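We're numbering straight along the sequence, starting at 1. Counting convention: from 1, in listed order, for ligands and their atoms alike. What you are looking at is a predicted structure, and each value in this text was computed from that prediction instead of being measured.
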Amino acid sequence: MRIDILSLFPGMFAGPFDASIIARARESGAVEIAIHNPRDYTEDKHHVVDDYAYGGGPGMVMKPEPIFDCVDAVQAMTEPRAKVVLLTPQGRLLTHEVVAELAAEPRLILICGHYEGVDERVREHLCEDEISIGDYVLSGGEPAAIVLVDAVTRQQPGVLGSELSLEEESHAQGLLEYPQYTRPAEYRGHAIPDILLSGHHAEIAKWRRRQSIIRTARRRPDLLAKADLTDEERQLATDAAHAINDE
Ligand code: 6GU
């Protein structure tokens, strides 16, 4: 998959894309990421990318021409045509389902908005999708683009080991992760649950599943509506929500 990002602040991507899983995925060729600055696509002497809002009001608006020209140039760089996505707090929320949908695209162009926003014609006539990462306002779309790229990269074939892929599937089932422990078995007087030392793999799997359900019921009951649970598991979730079951 190829992802092109349009940003007035390319420096913001240096760290996140050069470490950990994204760096490895880039090295293996599972994702190709390129950053482009719309400022390089301006034609005036001062490389102006923003201007006052028609109708007045505070704050600057990103001009349409550098963004349209930059997207045209990036589209022409390779095939197939990329889906063009605007990152904006007004977009649809980035959920697991939306990540899966975007991860299936062969190519994406992500446009990071700045200042008070981008000229409405970019949204209306250049972008096919608008994404937000949550109900809060960021200074620009860059941190949201990093979040989107990370989530989408993890979904590319071969990026995660088989073990982690299974874990992913449990997330896809709409449940939170069960609690994890590593050595030492006792730390500052806090012991790990006995079951994890028992060596009974089937019992451990059952315990983990129960923990996932209890945890989801207590912390994110909204997720349970979409989760695939048996009748017995539904009852466990209901009891957990009312704090009848001990963790
Ligand atoms: Cl995509 N952009 C900005 N500026 N703020 C946001 C956002 C995006 N998602 C949540 N808040």
**Message:** Check this for me: does any side-chain nitrogen of one of Arg26 and Glu32 sit under 4.0 Å from a carboxylate oxygen of the other?
**Reply:** no
**Request:** Before accepting this row, confirm whether a basic side-chain N of the pair Arg208/Glu177 lies closer than 4.0 Å to the acidic partner's carboxylate O.
**Result:** no
**Prompt:** Applying a 4.0 Å heavy-atom criterion (strictly less than), which segment of Pro89 is in contact with ligand 1: side chain, backbone, both, or neither?
**Reply:** both
**Asked** If you measure from each non-hydrogen atom of Thr88 to ligand 1, which part falls under 4.0 Å: side chain, backbone, both or neither?
**Response** backbone
**Prompt:** Only one of Thr153, Val149, Val152 forms a side chain to side chain contact (heavy atoms under 4.5 Å, CB included) with Val31, so which one is it?
**Reply:** Thr153
**Prompt:** Can a non-hydrogen atom of Gly113 be found less than 4.0 Å from any atom of ligand 1?
**Reply:** no
Per-atom contacts of ligand 1 with [X], taking only distances under 4.0 Å to non-hydrogen atoms:
| X | result |
| --- | --- |
| Ile131 | 1 (Cl) |
| Tyr136 | 6 (C), 10 (C), 11 (N) |
| Ala144 | 1 (Cl), 8 (C) |

**Prompt:** Would you say the side chain of Ile67 lies within less than 4.5 Å of the side chain of Cys70, judging by non-hydrogen atoms?
**Reply:** no
**Request:** List the closest protein heavy-atom neighbour of atom 4 (N) of ligand 1: residue, atom name, distance to the nearest 0.1 Å.
**Result:** Leu138 O, 3.1 Å
**Item:** Protein residue, atom and distance nearest to atom 10 (C) of ligand 1, heavy-atom basis
**Value:** Gly134 O, 3.1 Å
Side-chain atoms of residues 3-10: list all donor-acceptor pairs with protein atoms under 3.5 Å, sequence neighbours left out, distances to 0.1 Å.
unit_1	atom_1	unit_2	atom_2	d
Asp4	OD1	Arg2	NE	3.4
Asp4	OD1	Arg2	NH2	2.9
Asp4	OD1	His36	NE2	2.7
Asp4	OD2	Arg2	NE	2.8
Asp4	OD2	Arg107	NH2	3.2
Ser7	OG	Phe9	N	2.9
Ser7	OG	Phe9	O	3.4
Ser7	OG	Glu142	OE2	2.6

**Item:** Closest approach of Val159 to Arg24 (non-hydrogen atoms, all atoms of both residues)
**Value:** O-NH2, 3.5 Å
**Prompt:** Got an N/O contact under 3.5 Å between Ser139 and ligand 1?
**Reply:** no
**Asked** Between Ile133 and ligand 1, does any nitrogen or oxygen pair lie at a separation below 3.5 Å?
**Response** yes
**Prompt:** Going through the checks in order, is the side chain to side chain donor-acceptor pair (under 3.5 Å) test met by Gln235 and Asp239?
**Reply:** CA-CA 6 Å; Gln235 189 57 53; Asp239 294 348; 3.0 Å; yes
